[in-house]
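Here the structure is a predicted model, which is why all the values come from computation and not from measurement. Proteins come first, then strands; the chains are lettered A, B, ... in the order of their sequence lines, and each starts at number 1.
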Amino acid sequence: MKRTEIKAVLQQGDVGAKVKVMGWVRTKRIGKNVAFIALNDGSTIKNVQVVVDTTGDFVKLLENVYTGAALSVEGNLVESLGSGQKVEIHAEKIDLLGKADPNEYPLQPKKHSLEFLREKAHLRFRTNTFSAIARIRHAMIFAVHKFFNDKGFYNIHTPIITGSDAEGAGEMFQVTTLDLSNPPKDDEGNLNFKEDFFGKASNLTVSGQLEAELAALALGKVYTFGPTFRAENSNTTRHLAEFWMIEPEMAFNDINDDMDLAEEMLKYVIRYALDNCMDDLEFLSKRQQDEEKNKKADERSMELIEKLNFVLENPFARITYTEAIQILRNSKPNKKKRFQFVIEGWGADLQSEHERYLVEKHFKTPVILTDYPKDIKAFYMKQNDDGKTVRAMDVLFPQIGEIIGGSQREEDYDKLYNRMKEMHIPEESMWWYLETRKFGSVPHAGFGLGFERLILFLTGMGNIRDVIPFPRTPQNLEF
RNA sequence: UCCUCCAUAGCUCAGUUGGUUAGAGCAUCUGACUGUUAAUCAGAGGGUCCGAGGUUCAAGUCCUCGUGGGGGAGCCA
């Protein structure tokens with residue numbers, strides 16, 4: 001008999017029909033006449049209840065059925081006598097596919113801490129929380145590709161190994177095949193990368209942006225969605241050494257088009273989650289509320305689904321950096337010196353506390369900040385006529401802060417070249433980037449979206465290590 | 001990298017001012033009961049109190065160092 005997934009059984013199973021399901025046991029309740037097994041196969045967060053006759057031959061088999069065991073069950077799909085579910089399966093045939101010794105299997109039908117489950121990352125997919133996150137993560141990957149495809153963007157695979165060390169987005173992981181216990185040296189005693197695999201120093205990419213720009217300046221609209229690596233010693237709930245980034249890049253577009261795209265895209269994928277992941281979102285909402293029930297009322301998060309709808313229904317606030325500084329200088333926490341970093345004047349970089357004030361207290365909606373001082377932003381951003389600011393735009397979200405960083409790019413060869421000189425970017429390794437400004441240069445813009453930060457927001461989780469299956473962070477490379 | 005907090009049963013945690021035999025819930029086992037919903041009830045087993053050193057008549061509790069982890073900051077997505 002052919003297996004049916006539990007999602008299909010629960011949604012469109014014919015009552016009275018015979019079905020076969022396979023899955024992992026979540027709980028077993030054994031009684032005098034019948035036992036109940038909650039079975040889950042990952043197709044949905046919902047379990048199917050298997051009812052087993054304990055007066056017959058199943059008794060012996062049930063002795064080996066514990067939380068975590070894998071079963072194949074054949075039986076009749078019937079209307080449930082109990083109140084917790086509409087239908088259930090009356091088992092006629094049960095095969096124990098894989099045992100799970102309860103003395104060794106670490107997951108129990110109870111609440112585990114996220115820290116504990118992080119150390120059991122190989123098994124945490126089997127919990128409601130982590131399977132829900134995995135399903136939502138998939139849906140968001142799909143929604144991102146669908147969004148860009150439907151808008152006529154082309155997906156570009158930018159390189160993962162790069163010879164450029166000037167992307168300027170952070171510390172890089174070096175890639176080498178040299179013998180590190182006895183590395184070759186040149187005449188001056190420095191490492192001789194000519195003997196390395198590529199004949200030069202090579203690293204893992206910190207951004208696909210520069211290559212995406214090359215493609216955009218021929219194909220019009222492109223995006224990347226790939227792994228990104230940062231060797232920063234960052235130990236926070238929103239940084240990973242290996243994460244996934246989405247980077248659209250559009251020719252013939254300015255910073256306003258860039259903001260429109262960012263807002264439209266975020267709303268599109270949030271809508272997609274609400275339309276396609278409601279079971280998982282509802283579970284995660286309850287999880288978050290349960291976790292925060294000991295907090296004071298004003299410290300609790302907005303209910304997850306309400307929060308997502310709120311973002312959909314309200315336009316993002318769009319203000320310049322200069323306006324933000326004005327608001328912050330006049331804000332209560334600044335006047336009362338409640339900020340750890342008091343805003344003194346124009347030019348200061350905004351700290352997380354300032355971004356959170358703007359988003360969570362002042363505007364109470366996502367905020368797009370533009371036109372930052374050029375000295376705190378990257379070399380490739382388009383310089384404004386004031387000589388002080390660049391056309392950068394950061395999208396700030398409640399709780400997680402910067403979810404998107406983007407800009408209009410400097411398309412003028414001389415301005416770009418001079419800025420690279422000022423910022424000590426080695427132009428000889430960037431000749432190919434500069435050439436695009438020599439041949440048919442046009443205004444263009446793009447941004448980078450941290451995929452895991454998006455998932456943090458959508459799931460209400462608090463730690464980025466819980467929204468990627470196998471997180472890579474400093475001093476942590478298990479699994 | 002900096003600041004800060006934590007480490008007690010398989011899991012989640014309590015453990016008073018340093019004081020006699022270290023507790024609870026869940027899980028496991030035994031029994032009862034039962035169309036149950038993380039079932040319920042009664043009982044049992046289960047501990048190198050993270051590691052090393054120190055103070056003390058006496059350390060789970062205090063001190064030092066180490067290890068592991070959480071949270072915050074910076075860097076950023």
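- Backbone-only contact: A:G448 has heavy atoms under 4.0 Å from sugar-phosphate atoms and none from a base.
- The side chain of A:R238 contributes no N or O atom lying less than 4.0 Å from OP1 or OP2 of B:G71.
- Across all strands shown, A:L240 has heavy atoms under 4.0 Å from base atoms, whether or not it also approaches the sugar-phosphate.
- Atoms CD (A:Q340) and C1' (B:U4) sit 12 Å apart, rounded to a whole Å.
- Under a 4.0 Å N-O distance rule, the pair A:E282/A:K286 does not qualify as a salt bridge.
- Within the 4.0 angstrom heavy-atom criterion, base atoms lie near A:Q108.
- In this structure, a donor-acceptor pair under 3.5 Å is absent between the side chains of A:N256 and A:R318.
- A donor and an acceptor atom sit less than 3.5 Å apart, one in the side chain of A:S234 and one in the base of B:C75.
- Contact check, A:Y66 against B:C29: a side-chain N or O comes under 4.0 Å of OP1 or OP2.
- The C1' atoms of B:G66 and B:C6 are separated by 16 Å, rounded to the nearest whole Å.
- On the C1' atoms, B:G10 is 9 Å away from B:G46, given to the nearest whole Å.
- For B:A73, the paired nucleotide is B:U1, the pair qualifying as Watson-Crick or G-U wobble because both relevant distances are below 3.5 Å.
- When the side-chain nitrogen and oxygen atoms of A:R465 are compared with OP1 and OP2 of B:G70, one or more of them lie within a distance under 4.0 Å.
- A:K28 NZ: more than 12 foreign heavy atoms inside a 6.0 Å radius.
- The aromatic rings of A:F125 and A:F470 sit perpendicular to each other, their planes meeting at more than 60°, with 30° as the lower class boundary.
- Base pairing analysis places B:G35 opposite nothing; no Watson-Crick or G-U wobble pair with both distances below 3.5 Å involves it.
- For B:U56, there is no paired nucleotide, since no Watson-Crick or G-U wobble pair has both relevant distances below 3.5 Å.
- Nucleotide B:C76 holds its P atom 19 Å from the CG atom of A:L456, rounded to whole Å.
- When the P atom is compared between B:U20 and B:C62, the two are found 16 Å apart, to the nearest whole Å.
- Of the P atoms belonging to B:C65 and B:C5, the separation is 14 Å, rounded to the nearest Å.
- Counting any heavy atom pair closer than 4.0 Å across all strands shown, A:L81 reaches a base atom.
- Between B:A24 and B:G45, the two P atoms lie 11 Å apart (nearest whole Å).
- Taking only distance into account, the side chain of A:N235 meets the base of B:U1 through a donor-acceptor pair shorter than 3.5 Å.
- Within 4.0 Å of A:F451, counting heavy atoms only, lies no atom of the nucleic acid at all.
- Residue A:S113 is in sugar-phosphate contact alone, with no base atom involved, counting any heavy-atom pair closer than 4.0 Å across all strands shown.
- No more than 12 heavy atoms of other residues, nucleotides or ligands sit less than 6.0 Å from atom NE2 of A:H157.
- Using a 30° and 60° split on the angle between ring planes, A:F153 and A:Y223 fall in the perpendicular class, above 60°.
- Between the side chain of A:R230 and the base of B:A77, at least one donor-acceptor pair of N or O atoms lies under 3.5 Å.
- A salt bridge links A:R419 to A:E422: one of the charged nitrogens lies within less than 4.0 Å of a carboxylate oxygen.
- Taking only distance into account, the side chain of A:Q85 meets the base of B:U36 through a donor-acceptor pair shorter than 3.5 Å.
- Ring geometry for A:F229 against A:F173 counts as perpendicular: the plane angle is over 60°, on a 0 to 90° scale with 30° as the lower cut.
- Residue side chain A:F36 fails the stacking definition with respect to B:G35, as its ring centre and the base's six-membered ring centre are not both under 5.5 angstrom apart and under 30 degrees in plane angle.
- Across all strands shown, A:N463 has heavy atoms under 4.0 Å from sugar-phosphate atoms exclusively, and none from any base.
- Map A:E355 and A:S80 each onto its nearest nucleotide of RNA chain B; the residue landing nearer the 5' end is A:S80.
- The CZ-C1' distance, from A:F243 to B:A77, rounds to 5 Å in whole Å.
- For the pair A:F116 CZ and B:C11 P, the interatomic distance rounds to 6 Å; values are reported in whole Å.
- Under the Watson-Crick and G-U wobble criteria, each requiring two contacts below 3.5 Å, nucleotide B:G68 is paired to B:C6.
- Residue contacts shown for A:S83 include a base, since a base heavy atom lies under 4.0 Å away.
- Look at the C1' atom in both B:U17 and B:C3: the space between them is 30 Å, to the nearest Å.
- Closest to the side chain of A:E119, from the set B:G69, B:G35, B:C76, is B:G69.
- Atom P of B:A27 sits at a distance of 33 Å from the matching atom of B:G68, rounded to the whole Å.
- Counting any heavy atom pair closer than 4.0 Å across all strands shown, A:R118 reaches sugar-phosphate atoms only and no base atom.
- Residue-level contact check: A:E88 touches the bases, meaning some heavy atom is under 4.0 Å from a base atom.
- Neither OP1 nor OP2 of B:A27 sits under 4.0 Å from any side-chain N or O of A:T67.
- Along RNA chain B, the nucleotide nearest A:H112 and the nucleotide nearest A:Q475 are compared for position; the residue whose nucleotide lies closer to the 5' end is A:H112.
- For A:R29 and B:U36, the shortest distance from a side-chain N or O to OP1 or OP2 is not below 4.0 Å.
- With a cut-off of 3.5 Å on both Watson-Crick or G-U wobble distances, the partner of B:U21 is given as none.
- The nearest pair of heavy atoms linking A:E264 to A:K151 is OE2-NZ, 2.9 Å.
- Atom CG in A:D53 sits roughly 16 Å away from atom P in B:U34 (whole-Å rounding).
- For B:G74, the OP1/OP2 oxygens have a side-chain nitrogen or oxygen of A:Q351 closer than 4.0 Å.
- Between A:Y223 atom OH and B:A77 atom P the separation is 21 Å, expressed in whole Å.
- Comparing B:C63 with B:G23, their P atoms are spaced 25 Å from each other, to the whole Å.
- Residue A:D394 contributes atom CG, which lies 10 Å from atom C1' of B:A77 at whole-angstrom precision.
- Here A:K32 reaches the OP1 or OP2 of B:U34: one of its side-chain N or O atoms lies under 4.0 Å away.
- Remark: P of B:A73 and CD of A:E232 are 16 Å apart, rounded to the nearest angstrom.
- The closest side-chain donor-acceptor pair between A:E88 and A:H90 falls under 3.5 angstrom.
- For the pair A:T27 and B:A39, the criterion of a side-chain N or O lying under 4.0 Å from OP1 or OP2 is met.
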